[in-house]
Colleague: 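What follows is a structure written as C-alpha cells; I'll ask about it next.
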Amino acid sequence: MNGWSALDDFLRTDPRDVGCAEAMELLHVYAELVAADASAAESYPGIAAHLRACGPCGEDFAGLLTAVRGSAE
Amino acid sequence: MTPADPDSDHWVRTLSGTGLEQEEALARLHELLLKIAKGETSRRGGQLRISGPELDDLAYQAAADALLAILRKLGQFRGESRFTTWAYKFVIFEVSAKVGRHFWRNPAVPMDTEDWDRLADQFGLEPDREAERRELAGAVRRAVDEHLTERQRKVFVAIVLNGVPLDALVVELGSTRNAIYKTMFDARRKLRAALAANGYLDDETSRHS
C-alpha cells in the first residue's frame, strides 16, 4: 500500500474512537480482558478503534499487555 | 467499586499501612515496577536513539516516578483489574512520557519546517513516480491551506511532514496527548472530506474494522 491508498488509510477516522483520555483511563481493564480472551476487544469497540488509530496509545497498550502476560507466566 | 481480589487487597492494605509492612510493600512494588520499566524500554529499544546506561536511567526514573504516582492515587484503585495491572499502567505511561521528552535532545528535523516534498516519502511513493508525488503533495497542501486552522496545520506539519512523535509534540506544545490527538483527528477528517470533494479519494467517510 502506498501513495493515495496509504494517505486514505491515514486520513480515515472511526466515529467510535473514544480518544486518548478514555482509552488511557480504562487501559488496565481492557488489557486484562484481552490477555484473557482476545475477542474481548469487541466489548469495547471505542477503545479498540482508538488503539488501532493512535500510535502512542497503541504502543502503551502493547507494553501493558506484554507486562500482564509476562506476570501471568 | 468492584471488590478487589485478595492479592490486590493485600497490596492496597500494606501500601496504605505504616512501619515495616509498608516499607516491605514499597520495596516489592518498586522492584516489580523496575522490572516492567526495563522490559518496556527494551521492547521499545528499536524506536529509541538511546541505549546502555542512559536507557537504564530512564527505566529507574520511570519506576521511581510511577511509584510516587501510584501512592498519590492509591485511593482511586477501584478493583476493576488486578492491582499490579493497574500499577503497571503507571510505569508504562512514565516510560512513554520520558521517551517523548527525550526526542527533543536531538530532533532530526525542526517541527515547523514545511518541506512538502517529504509528504510523498511519508506515504511510500517512490522518487521515480514524480508526477504522482507532485499531485499528492499539491492536493494535500491545498486542502491544508484551505481547511485547517493554524493549530491543526502546526500539528499536521509536525507529525506528518516532520515525523515528530505525538508524545514529543505534547511536550513541546505543553499540551496533552488527548488534545493533540483530537486536533489531529479533526484535521484528518477535514482533509479527507476536502480530498474526497475534489475527487482524489472516494466518498466513504469512515471505516469500521
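Every chain is numbered from 1 and lettered A, B, ... according to where its sequence line falls, protein lines coming before strand lines.
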Colleague: What part of A/Ala49 is in contact with chain B, defined as an atom under 4.5 angstrom from a non-hydrogen atom: side chain, backbone, both or neither?
Modeller: neither
Colleague: Who in residues 127-137 of chain B is close to chain A, using a strict under-4.5 Å heavy-atom cut-off?
Modeller: B/Arg129, B/Glu132, B/Glu135, B/Leu136
Colleague: Please report the shortest heavy-atom distance between A/His28 and B/Ser81, naming the atom on each side.
Modeller: CD2-OG, 3.1 Å
Colleague: Do you know which of A/Gly19, A/Ala62, A/Gly55, A/Ala48 has the most heavy-atom pairs with chain B at a distance under 4.5 angstrom?
Modeller: A/Ala62
Colleague: Do A/Thr66 and B/Arg43 touch side chain to side chain, with heavy atoms closer than 4.5 Å?
Modeller: yes
Colleague: So which residues of residues 86-100 of chain B are in contact with chain A at a heavy-atom cut-off of under 4.5 Å?
Modeller: B/Trp86, B/Tyr88, B/Lys89, B/Ile92, B/Phe93, B/Ser96
Colleague: If you measure from the Lys or Arg side-chain nitrogens to the Asp or Glu carboxylate oxygens, is any gap between B/Asp202 and A/Arg12 under 4.0 Å?
Modeller: yes
Colleague: Below 4.5 Å from any heavy atom of chain A, which atoms of B/Leu119 appear? Answer side chain, backbone, both or neither.
Modeller: neither
Colleague: Can we say B/Arg189 and A/Asp17 salt-bridge, meaning some charged N sits less than 4.0 Å from an Asp/Glu carboxylate O?
Modeller: no
Colleague: Minimum heavy-atom separation for A/Pro56 to B/Asp167, with atom names?
Modeller: CB-OD2, 3.8 Å
Colleague: For residues A/Leu64 and B/Thr85, report the shortest heavy-atom separation together with the two atoms involved.
Modeller: CD1-O, 3.8 Å
Colleague: Got A/Leu7 and B/Tyr200 here, is their nearest side-chain heavy-atom distance under 4.5 Å?
Modeller: no
Colleague: Nearest 0.5 Å please: distance from the CG atom of A/Asp9 over to the CZ atom of B/Arg192.
Modeller: 10.0 Å
Colleague: To the nearest 0.5 Å, tell me how far B/Leu166 CG sits from A/Cys20 SG.
Modeller: 6.5 Å
Colleague: Counting only non-hydrogen atoms closer than 4.5 Å, can you tell me which residues of residues 29-37 of chain A sit against chain B?
Modeller: A/Val29, A/Glu32
Colleague: Which residues in residues 175-182 of chain B have a heavy atom less than 4.5 Å from any heavy atom of chain A?
Modeller: B/Arg177, B/Asn178, B/Tyr181
Colleague: When rounded to the nearest 0.5 angstrom, what distance separates CZ in B/Phe185 from CG in A/Leu11?
Modeller: 12.0 Å
